[in-house]
Structure formats: structure tokens, C-alpha cells
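The next block holds one structure in the form of C-alpha cells; read it before the comments.
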Amino acid sequence: FTQKYEVKYLPKEKYSNLKIAGCRNGYFNDDTEIIKAIQESKPDLLLVCLGAPKQEKWLVRYRDQLKPKVLMGIGGSFDVFAGKMERAPKWMQDASLEWLFRLYKQPSRFMRMMALPKFVLKVIFNGKKA
């Protein structure tokens with residue numbers, strides 16, 4: 001977790017105070033080792049990219065042990081930042097259809113994407129009870 005990480009795509013002048021506390025791939029079996037490394041590095045922001053819903057479940061399971069001010073599951077965003085996955089055309093981004101472009105590019109995501117409408121309906125109907 002504490003390996004050196006160079007920020008290549010951010011202007012150093014603008015983000016001169018940014019310090020990457022650590023990074024780690026998602027291939028690990030020992031959560032306690034990762035939790036300890038995160039605690040020792042004392043980050044203000046923790047970005048978890050294990051894919052939905054694994055990252056959300058992991059964050060919920062360990063949120064009481066993690067000390068960052070912000071915990072966020074960001075899925076495949078780093079794939080886009082690193083240039084491994086292209087973004088949708090601007091018109092699709094503007095129309096909030098980037099998810100459709102990603103599904104087109106990665107049809108294997110179809111079953112996982114089916115969870116999104118269920119989530120939206122759950123939010124809508126639970127929101128009306130409040």
C-alpha cells in the first residue's frame with residue numbers, strides 16, 4: 001500500500017500540496033493487512049476501485065476501522081484517467097448516457113448494469129415514505 005506513486009496527469013503547480021499516501025491493486029486476500037496500511041498512512045481521502053457492488057460492501061464493512069474524512073467507491077474511473085478506457089462522445093456525456101457507451105464497449109457488464117434500475121426504483125419508492 002505504501003509504494004511510491006507519481007501523479008502524472010495533474011499540474012504540479014495547481015496541486016502542489018497533494019500527497020498520495022499509498023496505492024494498492026485489488027488483488028488481496030488479507031483485509032486486515034490493507035486496513036492496517038490505510039490506518040498507518042492516515043489519508044484524508046480513500047478511493048476504492050473494486051467495482052460495484054464489491055467496493056461499496058467493502059467500505060461499509062470496514063468504515064468504522066477506516067479513518068479518512070472521505071471514503072468513496074469510484075469503480076472504473078481510474079481506467080478512464082489512465083487512458084485504458086475511453087470516455088463516451090461529448091454528446092453522450094451531456095445526455096447522461098455515458099453508462100450506455102460503457103455497456104456498448106463492455107457488453108460483459110450487462111448483468112451488473114441491470115442492478116441500476118432496481119436501485120433507482122428502490123430510492124424512488126423509499127424516498128416517498130420519508
Side-chain angles (χ1 to χ4, degrees):
F1 184 80
T2 57
Q3 68 190 24
K4 294 284 183 187
Y5 186 80
E6 181 183 342
V7 181
K8 296 179 183 178
Y9 302 105
L10 297 175
K12 291 181 182 179
E13 312 80 47
K14 188 173 181 180
Y15 300 100
S16 60
N17 292 327
L18 177 67
K19 293 181 181 86
I20 306 296
C23 63
R24 170 65 195 256
N25 65 37
Y27 303 103
F28 55 88
N29 294 321
D30 185 7
D31 289 339
T32 57
E33 176 188 317
I34 300 298
I35 299 298
K36 183 179 177 193
I38 293 169
Q39 290 170 337
E40 289 173 358
S41 69
K42 299 178 182 160
D44 292 320
L45 170 66
L46 177 64
L47 304 175
V48 178
C49 307
L50 297 172
K54 185 177 180 181
Q55 64 198 12
E56 288 79 14
K57 290 178 180 180
W58 192 87
L59 285 168
V60 167
R61 184 179 310 126
Y62 296 112
R63 69 178 166 208
D64 292 335
Q65 297 173 49
L66 299 167
K67 303 300 179 199
K69 295 173 185 150
V70 178
L71 303 169
M72 186 180 299
I74 63 170
S77 298
F78 281 135
D79 289 338
V80 173
F81 299 150
K84 291 183 177 185
M85 182 68 184
E86 64 182 305
R87 289 205 61 191
K90 180 85 169 95
W91 71 268
M92 290 185 90
Q93 293 175 38
D94 292 344
S96 299
L97 292 173
E98 198 156 2
W99 64 270
L100 184 60
F101 179 78
R102 188 129 184 231
L103 183 59
Y104 167 73
K105 288 291 199 173
Q106 295 176 306
S108 61
R109 300 172 56 84
F110 180 75
M111 289 311 291
R112 282 192 292 161
M113 296 291 272
M114 293 307 297
L116 294 175
K118 292 177 189 175
F119 172 76
V120 169
L121 291 172
K122 195 171 197 177
V123 168
I124 290 169
F125 290 114
N126 285 340
K128 288 187 178 183
K129 293 178 184 176

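Looking at residues two or more places apart in sequence or on another chain, you find a side chain to side chain contact (heavy atoms under 4.5 Å, CB included) between Lys57 and Pro53. Scored by the side chain to side chain contact (heavy atoms under 4.5 Å, CB included) test, Leu121 finds Phe125 as partners (sequence neighbours excluded). Remark: Tyr27 engages Asn25 in a side chain to side chain contact (heavy atoms under 4.5 Å, CB included) (not counting sequence neighbours). The side chain to side chain contact (heavy atoms under 4.5 Å, CB included) check on Val80 picks up Met85, Arg87, with sequence neighbours excluded. Residues passing the salt bridge (Lys or Arg N to Asp or Glu O under 4.0 Å) test with Asp30: none are found, sequence neighbours excluded. Take Glu86 and apply the side-chain hydrogen bond (donor to acceptor under 3.5 Å, both in side chains) test, not counting sequence neighbours, and it matches Lys105.
With a 4.5 Å cut-off on side-chain heavy atoms, Asp44 and Val70 do not count as touching. In this structure, the side chains of Leu45 and Pro68 stay at 4.5 Å or more apart for every pair of heavy atoms. Residues Trp58 and Ile34 form a side-chain contact, since some pair of their non-hydrogen atoms from C-beta on lies under 4.5 Å apart. Contact of the Lys42 side chain with the Lys67 side chain is not registered, since no non-hydrogen atoms from C-beta on lie closer than 4.5 Å.
Here the straight-line distance linking atom SG of Cys49 with atom CE of Met72 works out to 10.5 Å at 0.5 Å rounding. Rounded to the nearest 0.5 angstrom, Met92 CE and Arg102 CZ are separated by 13.0 Å. A distance of 4.5 Å separates CD of Gln93 from CD of Glu98, quoted to the nearest 0.5 Å. Here the CD1-CG distance, from Ile38 to Leu46, works out to 4.5 Å after rounding to the nearest 0.5 Å. Between Ile74 atom CD1 and Leu47 atom CG the span is 4.5 Å, to the nearest 0.5 Å.
In terms of hydrophobic clustering, with Ile, Leu, Val, Met, Phe, Trp and Tyr side chains grouped at heavy-atom distances under 4.5 Å, Tyr104 and Trp91 are assigned to different clusters.
With a 6.0 Å radius and a threshold of 12 heavy atoms from other residues, nucleotides or ligands, Phe110 has its CZ atom at or below the threshold.
Counting all heavy atoms, side chain and backbone alike, Gln55 lies closest to Leu50 at OE1-N, 3.1 Å.
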